[in-house]
There are 2 protein chains.
Amino acid sequence: MVTKSTPDRGDAFDPDCPTRVVLDRIGDKWTVLVIGALQDGPLRFSVLRVRVGGVAAKVLTQTLRAMERDGLLTRTVHAQVPPRVDYELTDLGASLTGPIQTLTDWAETHLSQILGARETYDAALDPPLDAR
Amino acid sequence: MVTKSTPDRGDAFDPDCPTRVVLDRIGDKWTVLVIGALQDGPLRFSVLRVRVGGVAAKVLTQTLRAMERDGLLTRTVHAQVPPRVDYELTDLGASLTGPIQTLTDWAETHLSQILGARETYDAALDPPLDAR
DNA sequence: AGTGCTTGGTTACCAATGGTTACTGTCGCG
DNA sequence: CGCGACAGTAACCATTGGTAACCAAGCACT
């Protein structure tokens with residue numbers, strides 16, 4: 001018997017735990033960036049694309065749809081001649097900006113340590129042999 | 001002149017900003033789970049694999065190597081007969097547990113909202129047509 | 001009137017990544 | 001002598017991320 005042992009705590013290690021669902025979404029690079037981009041107010045698709053930088057339209061669309069599905073943002077289509085679609089964070093989406101900010105703060109603080117560790121690690125490999 | 005405008009703030013939206021490097025690592029689903037698994041102390045490879053749940057050995061290896069490179073954990077090989085490798089968080093890695101905990105807390109708190117939104121969204125589509 | 005531009009996509013298509021399965025090497029044990 | 005444990009690695013697929021081309025609607029311009 002495997003006795004799946006209901007994951008009471010946020011045992012995200014169990015693939016069956018729904019917390020994992022959320023982590024999968026957060027774990028998406030673009031989702032995090034989109035939330036960051038939208039935290040100052042709604043943006044339209046094309047602006048968002050530039051703002052996030054380096055995201056392909058297709059992937060941005062996918063990301064936005066997934067986020068809309070999860071209730072993180074709303075998608076408003078204006079029936080205009082050049083189509084205009086606004087994306088805006090919902091309260092739920094906005095509530096994520098805090099945790100994400102914590103993360104980016106950490107990133108900024110420890111960036112140099114990481115880059116340093118990376119250099120050390122790479123230097124420890126046989127330099128002639130192109131590591132990677 | 002493009003004048004890349006030095007990303008002074010942690011403008012992770014600029015792909016050139018090194019903060020993005022860190023976000024890419026955090027954005028890795030397995031990295032987050034590994035840190036969670038290791039926060040109570042060092043674990044050996046096989047235990048880690050079970051603990052994380054659903055990770056393939058190859059991917060776990062990749063993840064651990066990348067984390068080692070970034071100075072998030074140490075890899076200790078014991079020259080024993082059945083090989084034994086222990087992975088332990090460094091101080092740097094341990095300092096990430098806080099931000100990550102923030103995230104998982106959010107996940108637990110808002111999980112029901114997300115699942116609810118998801119149901120609503122799915123129900124809005126033509127039920128006969130199997131969306132997705 | 002016709003052409004082209006803008007916006008927000010979608011549809012191939014291709015490369016990279018994630019994931020699964022099988023296999024290796026060493027050494028003690030039965 | 002062969003089996004099993006451990007920590008991977010190799011080879012091989014599947015899924016996904018990313019690119020480039022195209023579409024539809026309507027207006028401005030020629």
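Residue numbers start from 1 in every chain, and the chains themselves are labelled A, B, ... in the order their sequence lines are given, proteins ahead of strands. Because the structure is predicted, anything quoted here is derived from the model rather than measured.
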Measure from the side-chain heavy atoms of A/V59 and tell me the nearest of D/dG18, C/dG19, D/dA7. D/dG18
Strand-adjacent residues in residues 61-69 of chain A, judged by heavy atoms under 4.0 Å from DNA chain C: A/T61, A/R65
A/W30: what forms a ring-ring contact (aromatic ring centres under 6.0 Å, His included) with it, not counting sequence neighbours? none
Does B/S46 make a side-chain N or O approach to OP1 or OP2 of D/dC6 shorter than 4.0 Å? no
Considering all heavy atoms, the nearest B/Y87-B/L38 contact: O-CD2, 3.5 Å
Distance, nearest 0.5 Å, that separates OG1 of A/T63 from CD of A/E68: 12.5 Å
Select from A/V55 and B/A57 the residue whose nearest nucleotide in DNA chain D is closer to the 5' end of that strand. B/A57
At their closest point, which heavy atom of B/R44 faces which heavy atom of B/P83, and how far apart are they? NH2-O, 3.7 Å
Under 4.0 Å: is that the gap between some side-chain N or O of A/W30 and OP1 or OP2 of D/dG17? no
Mind checking if B/R75 touches a base, just sugar-phosphate, or nothing, with heavy atoms under 4.0 Å? sugar-phosphate
Can you list every pair that meets salt bridge (charged side-chain N to carboxylate O under 4.0 Å, His left out) and has a residue in residues 77-100 of chain B, with sequence neighbours left out? B/R84-B/D86
Looking at every non-hydrogen atom in both residues, tell me the closest pair between A/R25 and A/A66 and how far apart they are. NH1-CB, 3.7 Å
Tightest non-hydrogen contact, residues A/L92 and A/D70, listed as CD2-O, 3.6 Å
Closest non-hydrogen atoms of A/L48 and A/A37, given as atom of the first, atom of the second and distance, are CD1-CB, 3.8 Å
With a cut-off of less than 4.0 Å, is there a side-chain N or O of A/R84 near OP1 or OP2 of C/dG8? no
Counterpart residues, side-chain contact (heavy atoms from CB on, under 4.5 Å), relative to B/E119 (two or more places apart): none
What are the two closest non-hydrogen atoms of A/F45 and A/A57, and how far apart are they? CZ-O, 3.9 Å
Check whether any side-chain heavy atom of A/L73 lies under 4.5 Å from a side-chain heavy atom of A/V34, and answer yes or no. yes
With DNA chain C as reference, determine whether A/K58 or A/Y87 sits nearer its 5' end, using the nearest nucleotide of each. A/Y87
Sub-3.5 Å pairs of nitrogen or oxygen atoms, protein against nucleotides 23-29 of chain D:
none

How large an angle, rounded to 10°, do the end axes of the helix from C/dA1-D/dT30 to C/dG30-D/dC1 enclose when each is built from five base pairs? 30°
note: B/R49, atom CZ; C/dT20, atom P; distance rounded to Å ~ 11 Å
OP1, OP2 of D/dC6 versus side-chain N and O of B/R44: anything below 4.0 Å? no
